[in-house]
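Order of the sequence lines fixes the chain letters, A, B, ..., with proteins taken first and strands second; residue numbering starts at 1 for each chain.
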Number of protein chains: 2
Amino acid sequence: MTNDDLMTIRQMCDTFEVTPRTLRFYESKELLAPKREGQKRLFTRRDRARLKLILRGKRFGFSLEEIRQLLDLYEIGDDQETQLTQARAIAQNRLEDLKARRVDLEEAIADLEEQIAWGEETLQKLRRNPAA
Amino acid sequence: MTNDDLMTIRQMCDTFEVTPRTLRFYESKELLAPKREGQKRLFTRRDRARLKLILRGKRFGFSLEEIRQLLDLYEIGDDQETQLTQARAIAQNRLEDLKARRVDLEEAIADLEEQIAWGEETLQKLRRNPAA
DNA sequence: CGTTTGCCTTACGTGAACGTCAATGTGACT
DNA sequence: AGTCACATTGACGTTCACGTAAGGCAAACG
């Protein structure tokens, strides 16, 4: 009987560090679909799971529209073969994308570490030999 | 004397798959600083290196302003200790950021792979037992 | 020499993702 | 009943990262 997996908009905002406007905006774009108690929104566990994915998607630079499609992949309760096949295609594209990003990211990290190392070295030299 | 490390705007666009507008825009934001032959822009090897980093930064979702600061890290020919120390701080923040992203990314990839596996499995079942 | 081609600047337009403000409603105290 | 505190619905404003004409210059081609 823990039907208290419902959160108000403020609780959501505090939990996920977003503004009410953002949550309403996401709802208007059909990324979220909170229940209503009268006028007031009540966010379910499902909404929270989706919001988590939304924010992650954003960190990766996906647009909200792309994220919406991605979210649907996690929502297939349907048993239509066609849908599953389509979903697989989209998912695998995304996966390729993410893996490419991973390679890219490793390179960026390596570059930056190299740069930092160079900086350290230069600092050491400066300190051994002040006043160039 | 391969002083032909100079490229026209069109060559740049073809090489990096961006529009002239984009390159001019980046210049206006001081991310690039091509030479001029009369009115016309001529992009140097340095511009190309910077553009590469710019595009990578964009793929990671950094704003152009953030990227500009990052670029400066790769441009310290200066021997000022203060600058180097500051740069190190910024660079290490970026590095933390990137490493956090890497963790995040691994998680996203894992999730997606799991989702795809589930989809495959469901498809198999459907094919063994058509018409639910 | 005229015109096409390519680049230039200036400037207004655009889509995404919210911010912000105004008017209204509603439950919870006191 | 009054008055906070907070939520809701418009609706207009804003920032970022360019897109897209409009008009001009200049080399290059037929």
* May I ask you to decide whether K29(A) forms a salt bridge with E65(A), counting only side-chain N to carboxylate O separations under 4.0 Å? => no

Contacts table for residues 108-116 of chain A: side-chain donor-acceptor under 3.5 angstrom, sequence neighbours left out:
from: D111(A); atom 1: OD2; to: R56(B); atom 2: NH2; distance (Å): 3.0
from: E113(A); atom 1: OE2; to: K99(B); atom 2: NZ; distance (Å): 3.3
from: Q115(A); atom 1: NE2; to: L73(B); atom 2: O; distance (Å): 3.1

* To do: Taking only the side-chain heavy atoms of R21(A) (C-beta and beyond), determine which of dA17(D), dC8(C), dC18(C) contains the nearest atom.
  => dC18(C)

* Asked: Salt-bridged, R36(B) to E27(B), with N to O below 4.0 Å?
  -> yes

* Could you tell me whether K29(A) contacts a base, only the sugar-phosphate backbone, or nothing, with contacts defined as non-hydrogen atoms closer than 4.0 Å? => nothing

* Structure fact -> Looking only at dC18(D), dC8(C), dC18(C), the nucleotide nearest the T22(B) side chain is dC18(D)

* **Residue T8(A), side-chain heavy atoms: nucleotide from dA17(C), dA7(D), dC8(C) that is nearest** => dA7(D)

* Identify whether NZ of Lys or CZ of Arg in R94(B) sits under 6.0 Å from the centre of the six-membered ring of F62(B) and within 45° of that ring's axis. => yes

* Touch class at under 4.0 angstrom, heavy-atom based, for F62(A) against every strand present -> nothing

* Between T85(B) and T82(B), do the side chains contain an N or O donor and an N or O acceptor separated by less than 3.5 Å? -> no

* Asked: Taking atom P of dC8(C) as reference, at what distance in whole Å does atom CD of E37(B) sit?
  -> 11 Å

* Asked: Quick one: which of dC8(C), dA7(D), dC18(D) gets closest to the side chain of Y26(B)?
  -> dC18(D)

* Take the protein atom CZ of R24(B) and the nucleotide atom C1' of dT20(D), then report the distance between them rounded to whole Å. => 12 Å

* For atom CD of Q124(B), decide whether the heavy atoms of other residues, nucleotides or ligands shown that lie under 6.0 angstrom number more than 12. => yes

* I54(A) CD1 to dA17(C) P: how many Å, rounded? -> 11 Å

* Tell me what R10(A) touches on the nucleic acid: a base, only sugar-phosphate, or nothing, going by heavy atoms under 4.0 Å. => sugar-phosphate

* Are the charged groups of E30(B) and R68(B) less than 4.0 angstrom apart, N to O? -> no

* Structure fact -> B/S/- along nucleotides 23-29 of chain C (protein heavy atoms under 4.0 Å) is -------

* Structure fact -> Picking from dC7(C), dC18(D), dC18(C), the nucleotide nearest the side-chain atoms of K58(A) would be dC18(C)

